[in-house]
Q: 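One structure follows; several queries about it will come next.
For the numbers below, each heavy atom of this structure counts, side chains included, while hydrogens, waters and symmetry mates do not.
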Amino acid sequence: MKSIHSRLLLMLLGFIIVPYFLTIFLIYAYTKNSVEEYELNNSKMQLEKNAEDLQQYFDDMVNLPYILYRNPDLFRIFTEGFEDSIYFDQDSVEKSIETFYLTRNEIRQLRFYLNEGKESFTVYNATVSTRKPQPELLNQEHIKQLFKSNKNYLIEPPHVIKNYNNAAIIPESDRTKVLSIHHKIKEVPSDKFLGIMTMDISLGEYSKIVSNLAGENGSSAYLINDQNEIMYATDASLIGKRVPSDLKSRIQKGTTNKEISLTKTLDGPVEGWKLVKKTPSDVLFRDVRKTATINILVGLGVGLLGLLMISFISYKISRPIQELSEKVRGIEGGHIEIPFENERQDEIGHLERHIKDMTDRINLHINREYKLEIENRRNQFRALKSQVNPHFLFNALQSIGAVALRSKSPQVYSLITSLSKMMRYSMQANQWVSVQNEVDYMKAYLNLQQARFGKELHYSLDFSDEVLESRIPSMILQPLVENFFKHVYEEGYYEAQLTVSGEVKSDSIYLVVENSDGPEITSSDLERLRENIYRSASEGTPLNEHIGLKNIYQRLILNYGTRADFLVDQLNGQGFSVTIVIPKELSDEPAV
């Protein structure tokens, strides 16, 4: 009994098959009655929930016109009319009306009736129609009913959308059914009647709530107002009509042997409305009984098949574990190139893939260490080739400058002096310097380039005093300026502008080098540039590509670690920018 196969066989027999047969018959008798009761209670709870949702929805829609009272420009047209207000701004008013129209997706049409001028206008598809006189509007059935009532609103049953003002903005092809909410607009606090706003809303939003009540089990649902008019029904032919006599009789009878009827009277803005759900008794409980019977039959079949399959299953589970164990023993013996199956999608396959990945990573690390050793030797060779005696060059430049003064060539002397400053500054490589020193070095370099390009060179340097006093590793900004001439001016973009700036934000220093109106860099080239900068040489980056940017990034990481950022990006499609973010203060100055 030590093998996994034999243990699994015993567990399947003792803990699955036997208990299953003992419990399945005990559960069936209890499940049948409890599930039937649950379905009935669930329907009642669903009716309560949908009733609350409907009340909340209509409460939101009925109160929506009160937004007008908070908009002075829009409310002023009701009190003073379009033409009489000295503050009237037609564009502002139309913008407010369009914004109100777009407040809810279900709003199909708005009508504004202004009692001041006995005229009205409509909004359809966020377009405001022209105003037309409508003195007879207050005599229309529902408007007249609202005007005489104490309520501020009236909900008209669903109907095909009407072209209230015969406006051209409503196409004749629009036959959408809408529900209209008419709302009185009154002056506060005098209660003076100012006009009426009508909202035509699509049935989609509240119809979802009613339709969800019916579900897909053959039930039907109805929303009936206090005038016995059907506001919505799963039978679309009844929407907008009065309740048929036979349906009214069935609702009054309630639950019978053939039909279960649940009714909920609504409150709030739809007080007196009724939400009704009717379900045939055999439909409600048919699926429950059928499911319970099928479960018994399936359980018996599964149990019998389980007895036959148990040995096969235990064998299939334990065999791959045994094979994997043998492969692991082979790795322990030093055989790393053992074949693993990667086609399995179960836990065994997952383990095999991870073990294979582990062996591959071991080989990768061996190769990486070898490549790093080669790279180090190449770097040492480059360092030997690039060594030059800077003192000799500096002294030679000083001698040439003296000859230039004696020859009365001050411009030559100025250029040699700039180059001399650059040579002296380069002797401070791998040291920490102030930003002011770095800026002076850039100015000397730009002075040389000014002699080359003349007035065509456009640049600006902008650094705050706090930044200039800060200390940074040397030669951080200079390579970025040199890149400007290499990739912009030398490529013929003489209208380009070089901007170098520095400022303090929070606890960080932001050093930015930008070139505007320069060559465009595509998104793919930018992504490849970033990949080459941020990837180490051992991971495949070409050794002679983007050396300057890559060197700056590596020095920042060496000196600041994760506290530094090196960001490269496009500049409005025409240009390029590099942003260096470093901590404002350091406790010490590590080697650069």
Side-chain angles (χ1 to χ4, degrees), residues 31-62 106 154-160 176-181 201-294:
T31 302
K32 180 177 176 295
N33 293 328
S34 62
V35 170
E36 290 178 356
E37 183 179 354
Y38 169 81
E39 287 292 336
L40 186 58
N41 291 333
N42 188 56
S43 295
K44 292 180 180 179
M45 292 175 59
Q46 186 182 14
L47 183 68
E48 292 285 341
K49 176 64 171 59
N50 287 19
E52 292 177 2
D53 292 344
L54 282 172
Q55 291 169 182
Q56 181 62 50
Y57 175 79
F58 279 101
D59 185 72
D60 293 342
M61 297 306 299
V62 166
E106 59 264 44
L154 183 143
I155 302 177
E156 181 181 347
H159 56 85
V160 176
T176 305
K177 262 195 174 182
V178 296
L179 179 142
S180 297
I181 301 178
I201 63 174
S202 60
L203 311 185
E205 292 299 322
Y206 77 88
S207 67
K208 292 178 183 177
I209 302 175
V210 182
S211 299
N212 288 339
L213 180 64
E216 300 179 354
N217 60 354
S219 300
S220 55
Y222 308 89
L223 179 62
I224 303 171
N225 68 5
D226 54 354
Q227 303 297 322
N228 280 327
E229 296 169 319
I230 299 178
M231 308 303 285
Y232 188 78
T234 49
D235 183 358
S237 63
L238 298 177
I239 298 176
K241 300 179 180 178
R242 297 191 66 83
V243 180
S245 57
D246 61 329
L247 176 59
K248 184 177 181 181
S249 175
R250 288 164 51 202
I251 294 174
Q252 291 174 346
K253 288 181 180 179
T255 300
T256 63
N257 293 332
K258 296 183 178 180
E259 185 178 59
I260 296 175
S261 179
L262 301 175
T263 303
K264 172 67 177 178
T265 302
L266 306 182
D267 294 323
V270 287
E271 184 178 5
W273 290 25
K274 294 179 180 179
L275 181 60
V276 182
K277 177 180 180 180
K278 304 188 75 62
T279 307
S281 298
D282 58 338
V283 172
L284 180 62
F285 301 131
R286 179 182 58 198
D287 292 341
V288 176
R289 293 168 181 149
K290 182 179 179 181
T291 300
T293 303
I294 291 175

Q: Let's go through Leu262 and Ser43 carefully: what are the C-alpha distance in whole Å and the side-chain angles of both, what is the deciding distance for side chain to side chain contact (heavy atoms under 4.5 Å, CB included) to 0.1 Å, and is it a yes or a no?
A: CA-CA 8 Å; Leu262 301 175; Ser43 295; 3.8 Å; yes
Q: Taking all non-hydrogen atoms of both residues, which atom of Met231 and which atom of Pro157 are closest, and how far apart?
A: CE-CA, 3.7 Å
Q: Kindly indicate, with the supporting measurements, whether the criterion side chain to side chain contact (heavy atoms under 4.5 Å, CB included) is fulfilled by Met61 and Glu106.
A: CA-CA 10 Å; Met61 297 306 299; Glu106 59 264 44; 3.6 Å; yes
Q: Write down the atom of Leu238, the atom of Ile230, and the distance for their closest heavy-atom approach.
A: O-CB, 3.5 Å
Q: Output, in order, the C-alpha distance, side-chain angles, deciding distance and verdict of side chain to side chain contact (heavy atoms under 4.5 Å, CB included) for His159 and Ser180.
A: CA-CA 8 Å; His159 56 85; Ser180 297; 2.7 Å; yes
Q: Could you check whether the rings of Trp273 and Phe58 sit parallel, tilted or perpendicular, using 30° and 60° as the cut-offs?
A: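 Trp273 and Phe58: perpendicular rings.
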Q: With rounding to the nearest 0.5 angstrom, report the CD1 to CD1 distance, Ile201 to Ile181.
A: 4.5 Å
Q: To the nearest 0.5 Å, what is the distance between OG (Ser245) and CG (Asn228)?
A: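 Nearest 0.5 Å value for the OG-CG distance: 11.5 Å.
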Q: Determine the minimum heavy-atom distance between Glu259 and Lys278, stating which atoms define it.
A: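 Between these two residues, the closest heavy atoms are OE1-CE, 2.9 Å.
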Q: Determine, step by step, whether Asp267 and Gln55 satisfy the side chain to side chain contact (heavy atoms under 4.5 Å, CB included) criterion, reporting the C-alpha distance in whole Å, the side-chain angles of both residues, the deciding distance to 0.1 Å, and the verdict.
A: CA-CA 7 Å; Asp267 294 323; Gln55 291 169 182; 4.0 Å; yes
Q: Side chains of Gln56 and Asp60: do they bring a donor and an acceptor to under 3.5 Å?
A: yes
Q: Just verifying a value: how many Å separate Lys277 NZ and Thr263 OG1, rounded to the nearest 0.5 Å?
A: 12.0 Å
Q: Drop me the distance from Leu275's CG to Glu48's CD, to the nearest 0.5 angstrom.
A: 9.5 Å
Q: Out of curiosity, Ile251 CD1 to Asp246 CG, how far, rounded to the nearest 0.5 Å?
A: 9.5 Å
Q: Grab the two heavy atoms, one from Ala221 and one from Leu213, that are nearest each other, plus how far apart they are.
A: CB-CD2, 4.3 Å
Q: For the atom pair NZ (Lys241) and CG (Asp235), what is the distance rounded to the nearest 0.5 Å?
A: 8.5 Å
Q: Closest heavy-atom contact between Leu266 and Leu223?
A: CD1-CD1, 3.9 Å
Q: For Ile239 and Lys177, work out which heavy atoms get closest and say how close.
A: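 Looking at all heavy atoms of both residues, the shortest contact is O-NZ, 3.1 Å.
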